[in-house]
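All remarks here apply to the structure that follows.
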Amino acid sequence: MYAFLPTQNSTTDAYDYAASVRWRVDLWKPHHLLYNITALAFYSLLQSLGVYIMPLPLLKLLNSFFAGTSLFVLWRMIALLQKDVKVQAALLLVAGASFGTMRYATENETYLIPLFFSSLGSLYALRYLQLGKGTFIFWSGWWASIACLYHQVHFFWWLGLFFFFLLADKCKLASAFRFLLPALVVPLVYGLVMFYQDIRLTEAHRFVFSAFYKGGVETTITYKNFLLTGISFFRTFFEVHGRIPFLLTHHPFYIINGLVTAGFVLYLLKELLQRRRTNILHHSTFYRTHAVILALQVLFAWYAVGNAEFMVMVPFLVVLLASCLNIKKSRNLFLFGIALFIWNTSFGVIPNHLYTFSNHACVSNYIQQHPGSVLILHDKNAFDTYFFYHFGRYPENTHETEAPARVLTKVIAEGHLRNQAIITDYTKEAAVLNRQWFLSKKKADAFFKNYELSPFYSCPTFYRGSSLHKVSVHFGK
């Protein structure tokens, strides 16, 4: 299903990675060092075999493959922890039907390849716990280290496994050495990439942690850290988005599936309240290790203002924790998995595949027809990346609606002096609630009160028949 229902509403990052592959630029991004180069290798391999697919859909297919292989590795761990095949299947369904998994299995993002390798690290840790072979320590460290090369956020999973071997083995120093030895591959690969790009050793810290130095990770702590972390954690399992009210009014299909899901959830809540029994914990060391990993991952996501991208591994970790319990019946787990599948397929995967939520294609067409216009866009970065992916160059004269008022005032004044059309996609209609809306400073509402907005160019999306507007100064101003 992941491969057959890819999203048609790719993120800014998804277009950015695909553009890097298509135009062979910016291939080494430090916080996910090997993703773009792996994508380019896959793309080039298929081209050499005579298979020509554009990078974006091809990389979505690659991610769907790694979603499947990650679930396979997870099943191998569940099978070692739970003997009942029905329980195994139910737990796997919960992980595979959670929105965090579905969302990134149908998108070109950097989070599922490292999840596969981190899961392999945990699988070898579990095998070591049960069989005691020292080579399993090495392979656990190797795969966990490879995961860090595909995304730095998996350092916390690696760190948790490191402490696992310190706690699980009497020969702590020997275990630590076996686990740490393959981790040398991380500085080695970073060093080779820096050498290839002529980056000096004294600049290593700025290269490795460039996402922090360039402001790619939001680190200001406010109430939004708590609010968005809670929303994102819930959304890792169930899709929650401002588009859902639009979907409910669009077709009875969504109302029916929403009610069916609600029925499942109410039944499960009733079962939970009536059967307050405590499941016996097995494999306590493995359980504690992955509970710590889960806590570290969620804590870092909280630090990054509830970034859902840093919680992709949460369903896998939660399922691993549940697998350490003595689960005797699978029925309620199956019902929960079915509820997740119905809801997330109905309100996440299918709408993202069928409908268009952004105006990028329309704005791109407008620019090609009117190349001299100045555009003030709601999501300039997303559009610029979309445009670059398709044409290999960034558009000229695009600006952000949330830019400082003095900047936009100057842009508009200079544009009018040059007789350029000033166009915006800003609208006074109620915004669709999403993470971007929560994080925005809402400057545009106040700024555009000073200008006349005239509908000029139709750009319909799923939400409404919106238009691009021509910006002009109110008479007398």
Q: Please step through side-chain contact (heavy atoms from CB on, under 4.5 Å) for the pair Leu268 and Asn332, ending with a clear verdict.
A: CA-CA 7 Å; Leu268 289 170; Asn332 287 345; 3.9 Å; yes

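- Both tests pass for Arg243 against the ring of Phe357: distance under 6.0 Å to the centre and angle within 45° of the axis.
- A centroid separation of less than 6.0 Å is found between the aromatic rings of Tyr389 and Tyr15.
- Ser346 places no side-chain N or O within donor-acceptor distance of the main-chain N or O of Asn257, the cut-off being under 3.5 Å.
- Cation-pi geometry between Arg331 and Phe334 is not met: the NZ or CZ atom fails to fall both under 6.0 Å from the ring centre and inside 45° of the normal.
- Within the model, atoms CG of Asn359 and CZ of Phe383 stand 8.0 Å from one another, a figure rounded to the nearest 0.5 Å.
- Ring centroid separation for the pair Phe136 and Trp139 does not come in under the 6.0 Å cut-off.
- Distance alone, capped at 3.5 Å, is enough to place a donor-acceptor pair between the Gln130 side chain and the Leu80 backbone.
- Using cut-offs of 30° and 60° on the angle between ring planes, the pair Phe300 and Phe156 is tilted.
- Across all non-hydrogen atoms, the minimal contact from Asn36 to Tyr17 is OD1-CB, 3.6 Å.
- Arg178 places no side-chain N or O within 3.5 Å of a backbone atom of Phe138 that could act as its donor or acceptor partner.
- With hydrogens and angles disregarded, a donor-acceptor distance shorter than 3.5 Å links the side chain of Ser232 to the backbone of Gly306.
- Using cut-offs of 30° and 60° on the angle between ring planes, the pair His290 and Phe286 is tilted.
- Relative ring orientation between His151 and His31 is described as perpendicular, the plane-to-plane angle rising above 60° on a 0-90° scale split at 30° and 60°.
- Residues Gly337 and Ala97 come closest through the heavy atom pair O-CB, 3.7 Å.
- His282 has its side chain out of reach of Leu325: every pair of non-hydrogen atoms, C-beta onward, lies at least 4.5 Å apart.
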Q. Checking side-chain contact (heavy atoms from CB on, under 4.5 Å) for the pair Val363/Phe387: CA distance, chi angles, key distance, verdict?
A. CA-CA 9 Å; Val363 175; Phe387 196 88; over 6 Å; no

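- With no hydrogens or angles considered, a side-chain donor-acceptor pair links Thr398 and Asp384 at under 3.5 Å.
- Side-chain contact, Thr38 with Tyr150: a donor N or O sits under 3.5 Å from an acceptor N or O.
- Between the side chain of Asp16 and the backbone N or O of Thr12 there is no donor-acceptor pair closer than 3.5 Å.
- Note that CG of Asp425 and CG of Leu377 are 5.0 Å apart. Values are rounded to the nearest 0.5 Å.
- Aromatic ring pairs are classed by plane angle as parallel below 30°, tilted from 30° to 60° and perpendicular above 60°; the pair Phe116 and Phe66 is perpendicular.
- For the pair Ser119 and Trp143, the minimum side-chain heavy-atom distance is 4.5 Å or more.
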Q: I would like to know whether Leu317 and Leu321 meet side-chain contact (heavy atoms from CB on, under 4.5 Å); could you show each step before the answer?
A: CA-CA 6 Å; Leu317 290 167; Leu321 295 180; 5.5 Å; no

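- Checked against a 6.0 Å centroid threshold, the rings of Phe238 and Phe234 count as neighbours.
- Residues Met77 and Ser323 fail the side-chain proximity criterion, which asks for heavy atoms closer than 4.5 Å.
- Asn108 places no side-chain N or O within 3.5 Å of a backbone atom of Lys60 that could act as its donor or acceptor partner.
- A donor-acceptor pair under 3.5 Å is absent between the side-chain atoms of Gln297 and the main chain of His154, judged by distance alone.
- The two atoms that bring Ala183 and Ser145 nearest to each other are CA-OG, 3.2 Å, heavy atoms only.
- For the atom pair CG of Leu335 and OH of Tyr267, the computed distance is 6.5 Å after rounding to the nearest 0.5 Å.
- Residues Val193 and Phe207 are in side-chain contact: their nearest non-hydrogen atoms beyond the backbone lie under 4.5 Å apart.
- Nearest approach of Val25 to Ala19, heavy atoms of both residues: CG2-O, 4.4 Å.
- Between Trp23 and Phe388 the shortest side-chain heavy-atom distance falls below 4.5 Å.
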Q) Could you go step by step and tell me if Leu181 and Trp142 meet the side-chain contact (heavy atoms from CB on, under 4.5 Å) rule? A) CA-CA 8 Å; Leu181 182 62; Trp142 170 261; over 6 Å; no

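- Aromatic pair His390/Tyr386: centroids less than 6.0 angstrom apart.
- Using the six-membered ring where Trp is involved, Phe226 and Trp302 have ring planes that are perpendicular, over 60° apart on the 30 and 60° scheme.
- Neither side chain, Ser118 nor Trp158, offers a donor N or O lying under 3.5 Å from an acceptor on the other.
- Checked by atom type and distance alone, the side chain of Thr106 pairs as donor or acceptor with a backbone atom of Arg103 at under 3.5 Å.
- Gln88 and Trp75 form a side-chain donor-acceptor contact under 3.5 Å, judged by distance and modelled atom types alone.
- Between Leu115 atom CG and Ser70 atom OG the span is 4.5 Å, to the nearest 0.5 Å.
- Ring planes of Phe347 and Trp343: tilted class, angle from 30 to 60°.
- No hydrogens or angles considered: nothing links the side chains of Gln47 and Tyr52 as a donor-acceptor pair under 3.5 Å.
- Residues Leu62 and Leu58 fail the side-chain proximity criterion, which asks for heavy atoms closer than 4.5 Å.
- Put simply, the side chain of Tyr190 gets close to the backbone of Pro30: a donor and an acceptor are under 3.5 Å apart.
- With 3.5 Å as the limit, one finds no donor-acceptor pair spanning the side chains of Gln8 and Thr356.
- His353 is not listed as a side-chain neighbour of Thr7, based on a closest heavy-atom distance of 4.5 Å or more.
- Aromatic ring pairs are classed by plane angle as parallel below 30°, tilted from 30° to 60° and perpendicular above 60°; the pair Tyr254 and His250 is tilted.
- If you take OG1 on Thr110 and CG on Leu59, they are separated by 11.5 Å, rounding to the nearest 0.5 Å.
- Nearest heavy-atom pair, Ser175 versus Phe165, reported as atom, atom and distance to 0.1 Å: CB-O, 4.0 Å.
- Relative ring orientation between Tyr35 and His32 is described as perpendicular, the plane-to-plane angle rising above 60° on a 0-90° scale split at 30° and 60°.
- Counting heavy atoms from C-beta on, the side chains of Val153 and Met313 come closer than 4.5 Å.
- The two residues Ser364 and Phe391 have their closest heavy-atom pair at OG-CE1, 3.3 Å.
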Q: Would you please test Lys329 and Asp84 for salt bridge (charged side-chain N to carboxylate O under 4.0 Å, His left out) and show each step?
A: CA-CA 9 Å; Lys329 293 184 179 180; Asp84 190 332; over 6 Å; no

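- Ser64 contributes a side-chain N or O that, together with a main-chain N or O of Leu61, makes up a donor-acceptor pair within less than 3.5 Å.
- Taken to the nearest 0.5 Å, the CE atom of Met311 stands 10.0 Å off from the CZ atom of Phe237.
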